[in-house]
Amino acid sequence: MKEIRAGIIGLGDIAAGHINDMKRSGKIIPYALCDVNREALYRAGQKYGIPQERCYTDYKALLVRDDIDMVSICTPNITHYEIAMEAVSKGKAYALEKPAAMTLEEARKLKEATLAAGVANTVCFSYRYRPAVYKAKSIMESGMLGRIYHVYAQYIEGKEDNENIPLLWRYRKELAGSGSLGDLGSHILDMVCYLLEGGFEKVTGCSGILIPRRQKLDGSGMGEVTTEDYFHALAMLDEGISATFAFSKFAWGRRNAHRVEIYGSKGGMIYTLEKGVDSLKLCLGEEQNIAGLWTEVDLDRNVAGQMDCFGEILQGGSNATPATIEDGCYVQAVMEAMISADSSQCWKDVAEFTD
Ligand SMILES: NC(=O)c1ccc[n+]([C@@H]2O[C@H](COP(=O)([O-])OP(=O)(O)OC[C@H]3O[C@@H](n4cnc5c(N)ncnc54)[C@H](O)[C@@H]3O)[C@@H](O)[C@H]2O)c1
């Protein structure tokens, strides 16, 4: 089987996750590196044993290499579009971090260019590959919950309720596009569409900034935070499913905490993740409903990770199902509808934002 050689662009927090996931997969080799920050580049080169001649400060120089099959794009959101477009123009497959782009317009152009070029791609909605989410997907496909009435979903985190965190790129709208919505919410919006195999009809939203000023990185005083710290939304999904969403970085004591509850005419299902541990509970049947009895579902912990699935596709396999730029673009449309609804304080039809 062909070994896939990857270039990793952007060597911050999430790049380590990509590289470890590639190594675990055994299908993709971290082969070349790129970061505009020379120190980060040097450190990663040393850590992963990548020789200097395969370490770049300019992603374009990395992308012209003939011996690279794919790139992982792990840079701040402002750069996603230009780097992914360059990868497409060079015929390289890409694994693009979420949110796919800064705006829906960028996401659409990237989708069109990717499809026209026929380049393999994935947008890194990485929680699709958790054991509990695999199991939840098969339960939804079985139809055992009956007709779905409600989804109550949240992704909350407490670490950023801290005034000492400086004005990083993620607090600046011109570099991040959005705050908790793109950062946390995009994962859950994708997960709900994925599990329900459906989309959004209309949305409304409410957001806020709780620490409005942070220390500038260059030490020149305080700067304005322009991305939201929390985003709460109501939604009507396809087939009349009524849903609520809560995304916040100000949930004291919570660590990367997901909760997706799905209720139907024959049962309920609750997926949770906290501190890296995922679980799934089910309540099925009339007796369990009356007694309020929930059963913890046994999970197969030996499931394929994100790079395992993408590597399989790049090697010509067909049964892996990673999120694609089409999914990334749809999530971008839902986010844009939510932002528009929030700023105009009304409901928005998501169809206005989709193709
Ligand atoms: N899937 C997930 O669960 C998850 C988790 C965290 C972050 N992310 C996403 O990953 C991306 C990066 O986030 P992070 O937390 O790792 O950021 P980070 O700030 O820790 O790292 C970004 C790195 O990119 C480098 N960089 C910036 N511009 C560059 C360019 N033009 N070329 C090459 N390198 C460049 C920076 O120097 C930095 O080292 C974001 O889009 C974020 O939303 C996803």
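In each ligand, atom 1 is the first atom listed, and ligand 1 is the first ligand listed.
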What do you reckon, does Glu82 put a non-hydrogen atom under 4.0 Å from ligand 1? no
Go through ligand 1 atom by atom and flag the ones less than 4.0 Å from a non-hydrogen atom of Cys124. 1 (N)
So Cys193 and Asp327, side-chain contact (heavy atoms from CB on, under 4.5 Å) or not? Walk me through it. CA-CA 9 Å; Cys193 293; Asp327 300 308; over 6 Å; no
For atom 36 (C) of ligand 1, the closest protein heavy atom turns out to be Asp35 OD1, 3.5 Å
Tyr263 vs Trp294 aromatic rings, parallel, tilted or perpendicular, using cut-offs 30° and 60°? perpendicular
For atom 4 (C) of ligand 1, what is the nearest protein heavy atom, given as residue, atom name and distance? Ile14 CD1, 3.5 Å
Can you find a heavy atom in the side chain of His187 that is under 4.5 Å from one in the side chain of Ser126? yes
Centres of the Phe245 and His232 rings: under 6.0 Å? no
Among non-hydrogen protein atoms, atom 11 (C) of ligand 1 lies closest to Thr75 O, 3.3 Å
Give the residue and atom name of whichever protein heavy atom lies nearest to atom 8 (N) of ligand 1, and the separation in Å to one decimal. Glu97 OE1, 3.7 Å
Please identify which atoms of ligand 1 are closer than 4.0 Å to at least one heavy atom of Asn37. 37 (O)
Any N or O of Arg170 that comes nearer than 3.5 Å to an N or O of ligand 1? yes
Numbered in order shown, the ligand 1 atoms found under 4.0 Å of a heavy atom of His80 are 41 (O)
Of all protein heavy atoms, the one nearest atom 12 (C) of ligand 1 is Cys74 O, 3.3 Å
With side chains defined as the heavy atoms from C-beta onward, is the minimum distance between Tyr94 and Thr114 less than 4.5 Å? yes
Any nitrogen or oxygen of Thr79, side chain or backbone, less than 3.5 Å from one on ligand 1? no
If you define the side chain from C-beta out and look only at heavy atoms, does anything of Asp342 sit under 4.5 Å from Ile339? no
Protein heavy atom at shortest distance from atom 43 (O) of ligand 1: Lys98 O, 2.8 Å
Just heavy atoms, cut-off under 4.0 Å: does Trp169 contact ligand 1 by side chain, backbone, both, or neither? side chain
Which is closest to atom 22 (C) of ligand 1 in terms of heavy atoms, Pro76, Ala101, Ser126, Ala15? Pro76
Taking the six-membered ring for Trp, are His150 and Tyr152 parallel (under 30°), tilted (30 to 60°) or perpendicular (over 60°)? parallel
Using a strict 4.0 Å threshold on nitrogen-to-oxygen distance, state whether Lys27 and Asp308 make a salt bridge. yes
Which pair of heavy atoms, one from Arg130 and one from Val303, lies closest together, and at what distance? C-CG2, 4.4 Å
His187 heavy atoms, cut-off 4.0 Å: which ligand 1 atoms fall inside? 1 (N), 2 (C), 3 (O)
May I ask you to identify the nearest protein heavy atom to atom 21 (O) of ligand 1, giving residue, atom name and distance to one decimal place in Å? Gly12 CA, 3.2 Å
Specify the protein heavy atom at minimum distance from atom 20 (O) of ligand 1: its residue, its atom name, and the distance to 0.1 Å. Asp13 N, 3.1 Å
Electrostatic pair Arg108:Glu106 at N-O distance under 4.0 angstrom: no
The option among Asp183, Leu62, Val36, Asn77 carrying the non-hydrogen atom nearest to atom 30 (C) of ligand 1 is Val36
Asp278/Arg301 ion pair, N-O < 4.0 Å: yes
